[in-house]
Amino acid sequence: MTKGQLKKVPSVLPKMIVFDLDYTLWPEWIDCTYGPPYTYDKVANEIHNEQGESLRLFEHTASIISLIKALPDVKIGIASRTQTPDWARKALRLLRIPELDNTTLYENIDYFEIYPGSKMTHFQSLSKKSGIACHNMLFFDDESRNREVTRLGVHFVKVDGRTGITPFQFENALHAFANNSGVVQSKMDKYLKKI
């Protein structure tokens, strides 16, 4: 998926798109199965540990991150309640985004909230650190219980933990955000003229 693959770019975009990790960007709970040290397999874009377990991104994760990086004024955040934040950060520093000069996923994330606890706390911290109000955030997560962040104004999208985020779901989420938002991004008109 590239910016040209969006059928229509919404006139209003979120100022931050936030992702859970487990069963949202990758198909495992990192704190239940995997542990470092990790080695990176560049052919498969996977990491492996000494027990032979592997972790990869869902099929569309890299292209969706690439698309977001092409949008104007949109930041990327992570909100994960994992019990092993160091493991998650190590994985993020190894897994790559081929469409973005093979940079790491970590290099393409602007804000991180990776620690046990409520997603409410994660989003309050994301807002404080970024200066972006929660109602300007779009959040993808596989757990319905995390819908609680809508009380802060966050736009929540439930992800199928078997597939991760699909391009169709991502584009629909952007349009739903635009339809439910009164916030206009500063560079959108200039961006729309380029595509």
Side-chain angles (χ1 to χ4, degrees), residues 1-27 56-81 92 95 97 99-100 105 108-114 118-120 122-127 129-189 191-192 194-195:
M1 175 185 253
T2 63
K3 65 182 176 181
Q5 289 176 309
L6 277 178
K7 291 177 185 151
K8 182 180 177 189
V9 177
S11 60
V12 178
L13 291 171
K15 292 188 177 180
M16 187 186 299
I17 299 176
V18 183
F19 300 97
D20 177 40
L21 293 174
D22 301 334
Y23 291 98
T24 301
L25 294 186
W26 55 54
R56 61 174 174 74
L57 299 173
F58 273 121
E59 178 183 0
H60 301 291
T61 296
S63 60
I64 287 169
I65 297 296
S66 177
L67 172 62
I68 296 168
K69 296 302 278 187
L71 296 172
D73 300 331
V74 179
K75 302 296 183 189
I76 301 175
I78 298 292
S80 173
R81 67 169 85 235
L92 290 168
L95 295 167
I97 308 297
E99 298 92 337
L100 295 173
L105 187 51
N108 289 287
I109 307 297
D110 300 292
Y111 297 97
F112 299 88
E113 295 298 316
I114 306 175
S118 168
K119 296 288 173 93
M120 298 287 280
H122 290 150
F123 275 89
Q124 289 165 339
S125 184
L126 284 169
S127 182
K129 287 178 180 176
S130 67
I132 296 171
C134 287
H135 69 267
N136 287 320
M137 296 183 191
L138 177 60
F139 179 40
F140 292 89
D141 193 306
D142 68 302
E143 294 188 70
S144 294
R145 67 179 170 154
N146 295 321
R147 188 179 301 274
E148 68 180 352
V149 299
T150 60
R151 294 191 317 232
L152 298 172
V154 175
H155 300 257
F156 178 87
V157 179
K158 171 90 166 53
V159 175
D160 184 335
R162 298 166 298 178
T163 62
I165 305 155
T166 65
F168 179 76
Q169 181 182 42
F170 183 75
E171 186 167 356
N172 282 347
L174 289 180
H175 288 288
F177 177 91
N179 290 337
N180 295 308
S181 176
V183 180
V184 178
Q185 293 243 280
S186 60
K187 297 180 184 175
M188 183 50 57
D189 291 338
Y191 175 75
L192 288 171
K194 288 182 181 179
I195 57 172

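Residue Leu126 comes nearest to Ser130 through the heavy atom pair O-OG, 2.7 Å, listed as atom of the first residue, atom of the second, then distance. When all heavy atoms of Ala79 and Lys119 are compared, the closest pair comes out as O-NZ, 3.1 Å. Here the closest heavy-atom approach between residue Leu100 and residue Lys69 is recorded as CD1-CG, 3.6 Å. Nearest heavy-atom pair across His60 and Ile165 is CB-O, 3.5 Å. Of all the heavy atoms in Ala178 and Val12, the pair that sits closest is CB-O, 3.4 Å.
Each of Asp20, Asp22, Asn146, Asp141 was evaluated against Arg81; a single residue qualifies, Asn146, per the side chain to side chain donor-acceptor pair (under 3.5 Å) test.
Annotation: side chain of Arg56 is in contact with side chain of Pro27 (closest heavy-atom distance under 4.5 Å). Under the 4.5 Å side-chain criterion, counting only non-hydrogen atoms from C-beta, Asn172 is not in contact with Val157.
For Phe140, the ring-ring contact (aromatic ring centres under 6.0 Å, His included) criterion is met by Phe19, Phe170, not counting sequence neighbours. Partners of Ser118 under the side-chain hydrogen bond (donor to acceptor under 3.5 Å, both in side chains) rule, at least two apart in sequence or in another chain, are Glu148. Legend: residues meeting side-chain hydrogen bond (donor to acceptor under 3.5 Å, both in side chains) with Glu143, ordered by chain and number and at least two apart, are Arg145. Among residues two or more places apart in sequence or in another chain, the ring-ring contact (aromatic ring centres under 6.0 Å, His included) test is passed with Phe58 by none. The side-chain hydrogen bond (donor to acceptor under 3.5 Å, both in side chains) test applied to Asp160 returns Arg162, not counting sequence neighbours. Tyr111 meets the ring-ring contact (aromatic ring centres under 6.0 Å, His included) test with no other residue; sequence neighbours excluded.
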